[in-house]
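Since the structure comes first, as structure tokens, the remarks are kept for the end.
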Amino acid sequence: MRCSAGSKTPFGTWPISFPVNYSNMDSQQTTSHRSGYVGIIGRPNAGKSTLFNRLLGQKLSIITPKAQTTRHRIQGFYSDDDSQIVFLDTPGIIQPSYLLQERMMDQVHRLRADADLLLHIVDGGHMPVSDDVVFETLRELALPVMLVVNKIDMLASDRIPVVSKSWDDHYDYIDRLAISALDGTGVDHLVDLVKARMPEGPPFYPKDDASDLPMRFFVSELIREQLFMLYQQEIPYSCAVNIVNYSEEPDINHIHAEIVVNRTSQKGILIGKKGSQMKELGIRSRKSIEEFTGKKAYLELFVKVREKWRENENFLKSYGYR
Ligand SMILES: Nc1nc2c(ncn2[C@@H]2O[C@H](COP(=O)(O)OP(=O)(O)OP(=O)(O)O)[C@@H](O)[C@H]2O)c(=O)[nH]1
Ligand SMILES: [Mg+2]
């Protein structure tokens, strides 16, 4: 079974807020209905999360100009009358240098068991190199792969076939197309191609649902997004966000979050002069959480030092990196 409904995650029982209603699904089971799992993979910063959000028509993944923003595998459901596609956003593929990055790459390798199809997203401004770790990963995953050349809004139109061909020379893709995840060019065509490749089958989830991840997961990600936007150099890469308490009231959500840092010296940088940086982080995060939930938020942020948490199996587990 692809999805262990009801399994325990660090963010709560999965799924919490999206129980599957099997009686609804019976009526949708027709022979022409298609459903499947599609992994979105590629190098950091290629635009995977931007595409993921555009495909789903809403922001489920965080996006920043910095590489290695996405650390988890995030499921989002695309549904229409005759199909349901579960898109899986994944961390950018790298050679891992520490345990957190190994855990991030595990999320990519899990696709082998879970996905029907892969979308290999490449930045149209980049040319391939033969020993790129992405090609090694594609071979290991041994799944059908579509080449998706992204960021064509930045590319002269006569460059598009040149870039596409150079990637095509390095791997046996089943399809190739060019898009701009940012402005949406080519994305409808991508959906049509993906749908045509999905096996016949019933939907996996109720058609109104967008994801099976609980709200506290998205809240922790939104805080992490602001960390990436506000702090420079190694700081965002050294932080984890741990939601200690998330309680919902009719008019307001109460959130208590810890920002976990890797070294004591990072604590001062995070807090800033007279707490100015933390204050700014709090303001930005609260605004972003309120936009996402559509409700007021009371957010308390604390900094905690956990020496070398990125190398520690137990810390990684408790912060959701398993
Ligand atoms: N011009 C342009 N920029 C894009 C496009 N797609 C994504 N970007 C930008 O590229 C940067 C990285 O986008 P992400 O979607 O976070 O990339 P990612 O592949 O998910 O990155 P990681 O999570 O770090 O692996 C952001 O600044 C995006 O705005 C595109 O089609 N055109
Ligand atoms: Mg991403």
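Every number for a ligand or one of its atoms is a count from 1 in the order of the listing.
A donor and an acceptor atom, one from each side chain of Gln84 and Ser79, are located under 3.5 Å apart. Checked by atom type, the side-chain pair Gln101/Ser97 shows a donor-acceptor distance below 3.5 Å. For the 3.5 Å distance criterion, the side chains of Thr264 and Glu307 qualify, holding a donor opposite an acceptor.
Below 30°, between 30° and 60°, or above 60°: for Phe302 and His256 the angle between ring planes is between 30° and 60°, a tilted geometry. In this pair, Trp167 and His120 present their aromatic rings perpendicular. The plane angle is above 60°, beyond the 30 to 60° band.
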Check your understanding: Where do Arg103 and Glu313 land on the salt bridge (charged side-chain N to carboxylate O under 4.0 Å, His left out) test, with the steps shown first?
Key -> CA-CA 10 Å; Arg103 291 289 163 270; Glu313 194 80 63; 2.8 Å; yes
Practice item. Apply the test salt bridge (charged side-chain N to carboxylate O under 4.0 Å, His left out) to residues Glu225 and Lys59: give CA-CA distance (whole Å), side-chain angles for both, the deciding distance (0.1 Å), then the verdict. Key: CA-CA 12 Å; Glu225 183 175 45; Lys59 178 178 167 175; 2.5 Å; yes
Review point. Checking salt bridge (charged side-chain N to carboxylate O under 4.0 Å, His left out) for the pair Asp169/Lys165: CA distance, chi angles, key distance, verdict?
Key: CA-CA 6 Å; Asp169 288 343; Lys165 165 114 187 30; 2.9 Å; yes
Exercise for review: Would you check, one step at a time, whether the test ring pair (Phe, Tyr, Trp, His ring centres under 6.0 Å) holds for Phe228 with Tyr237?
Suggested key: CA-CA 8 Å; Phe228 267 79; Tyr237 298 99; 5.2 Å; yes
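An N or O contact shorter than 3.5 Å is missing between Met154 and ligand 1 by distance. Note: an N/O pair closer than 3.5 Å links Ala46 and ligand 1 by distance alone. Some N or O of Leu182 is nearer than 3.5 Å to an N or O of ligand 1, by distance alone. For the pair Thr69 and ligand 1, the shortest N or O to N or O distance falls below 3.5 Å. Taking any N or O of Ile63, backbone or side chain, none lies under 3.5 Å from an N or O belonging to ligand 1.
If you number the atoms of ligand 1 from 1 as listed, the ones under 4.0 Å from a heavy atom of Asp153 come out as 1 (N), 2 (C), 30 (C), 31 (O), 32 (N). For ligand 1 and Lys66, the ligand atoms under 4.0 Å from any heavy atom of the residue are 24 (O). For ligand 1, the atoms lying closer than 4.0 Å to a non-hydrogen atom of Ala67 are 24 (O). Taking a cut-off of under 4.0 Å to the non-hydrogen atoms of Gly92, the atoms of ligand 1 that pass are 25 (O). Every atom of ligand 1 is numbered from 1 in the order shown, and the set under 4.0 Å from a heavy atom of Lys48 is 15 (O), 17 (O), 18 (P), 19 (O), 20 (O), 21 (O), 22 (P), 25 (O).
With respect to atom 27 (O) of ligand 1, the closest heavy atom belonging to the protein is Pro65 CA, 3.5 Å. If you check which protein heavy atom lies closest to atom 21 (O) of ligand 1, you get Asn45 N, 2.9 Å. Here the protein heavy atom with the shortest distance to atom 13 (O) of ligand 1 is Thr50 OG1, 3.5 Å. With hydrogens left out, the protein atom closest to atom 23 (O) of ligand 1 is Thr70 OG1, 2.8 Å, a heavy atom. Shortest contact from atom 26 (C) of ligand 1 to any protein heavy atom: Thr64 O, 3.6 Å. For atom 17 (O) of ligand 1, the nearest protein heavy atom (residue, atom name, distance) is Gly47 N, 3.2 Å.
Looking only at distances, no side-chain donor or acceptor of Ser285 sits under 3.5 Å from a matching main-chain atom of Gly282.
Going from atom CG of Leu141 over to atom CG of Leu118 covers 5.5 Å, rounded to the nearest 0.5 Å.
Remark: Arg216 fails to qualify as a cation-pi partner of Tyr246 under the 6.0 Å distance and 45° angle criteria applied to the six-membered ring.
Taking all heavy atoms of Lys151, Glu225, Arg71 into account, the minimum distance to atom 10 (O) of ligand 1 is reached by Lys151.
Within the coordination shell of the Mg ion (ligand 2), defined by N, O or S atoms under 2.8 Å, Thr69 is absent. Between the Mg ion (ligand 2) and Ser61 there is no N/O/S contact shorter than 2.8 Å.
In Asp89, neither the side chain nor the backbone holds a heavy atom less than 4.0 Å from any atom of ligand 1. Here Asn150 has side-chain heavy atoms under 4.0 Å from ligand 1, and that is the only part of it that gets that close.
For the pairing with Arg176, the side-chain contact (heavy atoms from CB on, under 4.5 Å) check across Asp168, Val148, Leu193, Val149 returns one residue only, Asp168.
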